[in-house]
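Remarks on the structure that follows.
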Amino acid sequence: MSRNAESTAFRSALEVIRGVEPRVAEAIGAELADQRESLKLIASENYASPATLLAMGNWLSDKYAEGTVGRRFYAGCQNVDTVEALAAEHARELFGAAHAYVQPHSGIDANLVAFWAILADRVEAPALKRAQARHVNDLTEQDWFALRRELGDQRMLGMSLDTGGHLTHGFRPNISGKMFDQRSYGTDPATGLIDYDRVAEAAREFRPLVLVAGYSAYPRKVNFRIMREIADSVGATFMVDMAHFAGLVAGKVFTGDFDPVPHAHIVTTTTHKSLRGPRGGLVLCGPELADQVDRGCPMVLGGPLPHVMAAKAVALAEARRPDFADYAGRIVDNAQALAEGLLRRGATLVTGGTDNHLVLIDVTGYGLTGRQAEQALLDSGIVTNRNAVPQDPNGAWYTSGIRIGTPALTTRGLGTAEMDTTAELIHTVLSQTGAGANPDGTASKAKYVLDPALADKIGRQASELLAGFPLYPSVDLG
Ligand code: PLP
């Protein structure tokens, strides 16, 4: 693809938008400039390709397409059928799954689709069956009450939030915490690793309907073969949410026991994190759950987003190319180089390192909360996010950790040498930042003290580091 075509496409798009609402065009241009300048270490973000981005900006967006390929509730969906079928085919081939459902709008939505499919499959519930058979708008109030009674006490066992699990795995702030009676498994306090014997014990005691594996902030591989054995031993459906590490599965970095697809009954993911696609989700499963999964819309999803499914098809096609496997391998090399660089400089890491795309720094070693560390790094041009660490003394808001990930910088082309420099920048900021105090003299969990001259200096060094690795080099907005 010529650089010229990509520049022309984005420039023209902005020109057209500018003609209607110039402030939107300005914000889009500013976002590119900001992303180009920041050292992005947010573990859940990436940079989608120009082809993926461009596939989203078109008239496919105008179509309603409730239903599935060839069975729509709206007329004229032949082109939506084409893109949805392509996205599903690429997903099946890429991950070696029997069935793929590519309509979920996000990871949360993909999980909801999976939960409803599992409930419909496993629970003898006449009201649920009635609900599944009808359009959601046709359900009466009595139907909903009956449904609530029937589903009231189903159980889910998932990874605890402080050890890296996700809100959608049965926690109260999410609807999954209201749909299921949830219990969580944690990690071994000494090693920070999942203790499979403890998971098995919890499963035996709690006897969940669903065992969930997958995480947002666990820096290690998970053995899905063992997790499946645990699920089977108590008759649970085994679900894996691979939102964070789908790119490592796609790129064949996680194989055998560490590839969830052959071991789980159902797998969900986002498409925009390490997988490097558009914002969205998808569900993979075997034939047993396929029918229920395909009822995701309208059961729990709004109408499909055909333009995003087109972009999923493009991104999944990219992920099937050999260079994606190379990319996935470099994500992990970079995370390990970053971890080693931090450890060498004295940082404390949860589990002592990483074997995936993310590193979790316990910043209490620097005398800081996660909130203080996150802000001090941001002042210095380094974008990360705060995260709880196991048994976090500072709770889920202030936290004691900083989660950093390498998918985005790896897309940009940075390698292990640059990761060492990045470790140096992070360590310098954290070791030079002091905890602040409240006006009454008590310790603050949010305020911090960082010399602005140092923050500027680190910011300049971060920019210099990035200058050698231009972001979207094919796109010149003029
Ligand atoms: N599942 C996991 C493991 C995640 O980390 C996330 C997002 O951070 C989600 C689901 C939700 O994804 P989304 O924000 O696309 O709804």
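Each residue takes its place number in the sequence, starting with 1. Counting starts at 1 for both ligands and their atoms, following the listed order. Only heavy atoms go into these numbers, but all of them, side chains included; no hydrogens, no water, no symmetry mates.
- Checked against side chain to side chain contact (heavy atoms under 4.5 Å, CB included), Pro173 has the following partners two or more places apart in sequence or in another chain: Leu167, Phe171.
- Looking only at heavy atoms of the protein, atom 5 (O) of ligand 1 is closest to Ser216 OG, 2.8 Å.
- By the 3.5 Å distance cut-off applied to N or O atoms, Lys273 is counted among the residues near ligand 1.
- Scanning all protein heavy atoms for the shortest distance to atom 1 (N) of ligand 1 gives Asp241 OD2, 2.6 Å.
- With respect to atom 4 (C) of ligand 1, the closest heavy atom belonging to the protein is His166 CD2, 3.3 Å.
- Between the side chains of Tyr398 and Asp392, no donor N or O sits under 3.5 Å from an acceptor N or O.
- Inclusion of His169 in the set of residues having an N or O under 3.5 Å from an N or O of ligand 1 is not warranted.
- The closest approach between Met242 and ligand 1 stays at or above 4.0 Å for every heavy atom of the residue.
- Remark: Arg155 is not positioned above the aromatic ring of Phe180, lacking an NZ or CZ atom under 6.0 angstrom from the ring centre and at most 45 degrees off the axis.
- Checking Asn387 against Thr399 by side-chain atom types alone, no donor-acceptor pair falls below 3.5 Å.
- Taking every heavy atom of Thr270 and a limit of under 4.0 angstrom, the matching atoms of ligand 1 come to 12 (O), 15 (O).
- Taking distance alone, with nitrogen or oxygen atoms compared against 3.5 Å, Ile108 approaches ligand 1 more closely than that limit.
- Using a 4.0 Å heavy-atom cutoff, Arg279 is absent from the residues neighbouring ligand 1.
- Residues His265 and Arg228 bring a donor and an acceptor atom of their side chains to less than 3.5 Å of each other.
- Annotation: Gly280 places no N or O atom under 3.5 Å from an N or O atom of ligand 1; distance criterion only.
- Distances from atom 14 (O) of ligand 1 to the protein include no heavy-atom value under 4.0 Å.
- Using a 4.0 Å cut-off between heavy atoms, Ser44 makes no contact with ligand 1 at all.
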